[in-house]
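Whatever order the structure lists them in is the order used to number ligands and atoms, beginning at 1. What you see is a predicted model; the values in this text were computed from it and never measured.
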Amino acid sequence: MNAAGIRCATTDDLDNLITSNAGAYVTKSATPDPRVGNPSPRMKGLPNGSINAMGLPNHGLDYYLDYVLADQKKRPDRMNFLSVAGITLDDNLQMLHTIQDSAFNGFTELNLSCPNVPGKPQVGYDFGRVQEVLTAVFDFFTKPLGVKLPPYFDMAHFDQIAAILNRYPLAFVNTINSVGNGLVINAETETAVLKPKGGFGGIGGASIKPIALANVRALRLRLNPTIAIIGTGGVVNGQDVFEHLLCGADMVQIGSKFGFEGTPLFDRLNQELSAIMATKGYTSIADFKGKLKTLD
Ligand SMILES: O=C(O)c1[nH]c(=O)[nH]c(=O)c1I
């Protein structure tokens, strides 16, 4: 499926996704009201990925909630995901109350890892805050909900975030979001390529795959088996999908590469993954999911 933010901000984008061979889709992270986001240039393609400082531009929760409600009527058998990224805890709670009180029966993805709202630190890097948010959310929210996490880079942090997440009835954890606040420079003009935030932005694409795989694996080894894992980050071909599944992902999302290739990507990845499975003699994902071997 797509990763939140990529070709999923408008009804046309979403229509494209539901008529594609993607297994599911997620909507652009929403705030209660529409947001313009940061000034352009705010996203750039790179030789092996992308950098973005979009700043959470979106049409507001109602726009996306209306879409998924209409979709679930048309296609009751299909999965869909609604992403929310409130700037404040109150915004998140307000949106989740709206979702809770609505007829929506899909998955809600609570984005705790937007790196590009100036002045707003990523919740996912403040463990106390994560606990505060999830305690408040699960005080009333009973529909299937997961969290979108930033990448962690320290074994103690894997332990700490997993210990927190295991206390809540999460349907899934989506790991990872872009690697926050990278910097891409144009050496010829001696200028940062993005306008917002002095050029700092989230990095996506092939270069972040080792970080994404590590986070999928580390959380799979630590999270309750009742919590599914969506693996996101660095997927450009079927082998990358295979690697995410091997590390324990139950579902895989594609961001940067989907941005460049569009929906034919899903057909290509399915074909490439099927070919790898056939070569290895696997007839189902269960044959290898989470079965990464180590040398010890
Ligand atoms: O700048 C964005 O809109 C953005 N960009 C990202 O790379 N991840 C996010 O979660 C978000 I909300």
Side-chain angles (χ1 to χ4, degrees), residues 1-10 13 25-46 48-61 63-64 81-89 91-92 95-96 108-126 129-130 133 145-152 172-184 192-209 211-212 215 230-235 253-260:
M1 64 186 285
N2 68 302
I6 290 80
R7 293 180 183 242
C8 60
T10 68
D13 289 337
Y25 64 86
V26 57
T27 57
K28 167 66 187 174
S29 292
T31 46
D33 301 312
R35 261 177 74 89
V36 172
N38 291 336
S40 293
R42 59 190 189 180
M43 195 289 275
K44 281 274 180 198
L46 305 170
N48 60 355
S50 66
I51 183 170
N52 90 85
M54 303 299 286
L56 197 41
N58 75 95
H59 289 292
L61 176 67
Y63 179 95
Y64 301 106
F81 292 71
L82 185 59
S83 174
V84 295
I87 306 280
T88 64
L89 174 57
D91 279 1
N92 274 320
M95 289 191 285
L96 291 170
T108 298
E109 184 171 281
L110 177 58
N111 185 350
L112 301 180
S113 46
C114 179
N116 297 320
V117 178
K120 175 188 172 284
Q122 292 191 54
V123 173
Y125 285 147
D126 179 338
R129 192 103 176 93
V130 171
V133 170
L145 179 135
V147 290
K148 179 75 171 285
L149 297 176
Y152 300 100
F172 67 93
V173 163
N174 184 346
T175 177
I176 61 175
N177 207 315
S178 56
V179 174
N181 294 298
L183 179 61
V184 174
V193 301
L194 296 186
K195 180 176 171 71
K197 298 170 57 182
F200 286 62
I203 304 295
S207 59
I208 72 167
K209 187 175 74 174
I211 296 163
N215 278 262
I230 298 182
T232 306
V235 175
Q253 290 188 350
I254 298 91
S256 302
K257 193 64 177 178
F258 173 53
F260 301 128

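Near Asn52, the atoms of ligand 1 lying under 4.0 angstrom from a non-hydrogen atom of the residue are 1 (O), 2 (C), 4 (C), 5 (N), 6 (C), 7 (O). Listed by number with element, the atoms of ligand 1 under 4.0 Å from a non-hydrogen atom of Asn111 are 9 (C), 10 (O), 12 (I). Residue contact check: Met54 has heavy atoms under 4.0 Å from atoms 1 (O), 2 (C), 3 (O) of ligand 1. Atoms of ligand 1 found under 4.0 Å from any heavy atom of Asn177, numbered from 1 in the order shown, are 6 (C), 7 (O), 8 (N), 9 (C), 10 (O).
The shortest N/O to N/O separation between Ser29 and ligand 1 does not fall below 3.5 Å. At a 3.5 angstrom cut-off on N or O pairs, Leu56 counts as close to ligand 1. Taking only nitrogen or oxygen atoms, main chain and side chain alike, Pro57 does not reach within less than 3.5 Å of ligand 1. No N or O atom of Ala53 sits closer than 3.5 Å to an N or O atom of ligand 1.
Not close to ligand 1: Gly202, with no non-hydrogen atom less than 4.0 angstrom away. Not close to ligand 1: Ala85, with no non-hydrogen atom less than 4.0 angstrom away. Close to ligand 1: Lys28, with a non-hydrogen atom less than 4.0 angstrom away.
In this structure, the protein non-hydrogen atom closest to atom 11 (C) of ligand 1 is Cys114 SG, 3.3 Å.
For the pair Pro115/Pro150, no side-chain contact is recorded, criterion being any heavy-atom separation below 4.5 Å from C-beta on.
Looking at Pro115 against ligand 1, only its side chain comes within 4.0 Å, counting heavy atoms.
In plain terms, the two heavy atoms of Asp13 and Arg7 that are nearest each other are CB-O, 3.2 Å. Scanning all heavy atoms of the two residues, the minimum distance from Ala4 to Gln253 falls at N-OE1, 4.2 Å.
Ring geometry, Tyr125 versus Tyr152: the interplanar angle exceeds 60°, so the pair is classed perpendicular (tilted spans 30 to 60°).
Note that NZ of Lys148 and SG of Cys114 are 10.0 Å apart. Values are rounded to the nearest 0.5 Å. Here the CG atom belonging to Asn52 is positioned 7.5 Å from the CE atom belonging to Met43, to the nearest 0.5 angstrom.
Nearest-residue assignment for atom 1 (O) of ligand 1 (options Gly204, Ala3, Gly55; heavy-atom criterion): Gly55.
Formation of a donor-acceptor pair under 3.5 Å by the Asn116 side chain with backbone atoms of Leu56 is not found in this model. Distance alone, capped at 3.5 Å, places no donor-acceptor pair between the Tyr63 side chain and the Asp33 backbone.
Side chains of Asn111 and Ser83: no donor on one and acceptor on the other come within 3.5 Å.
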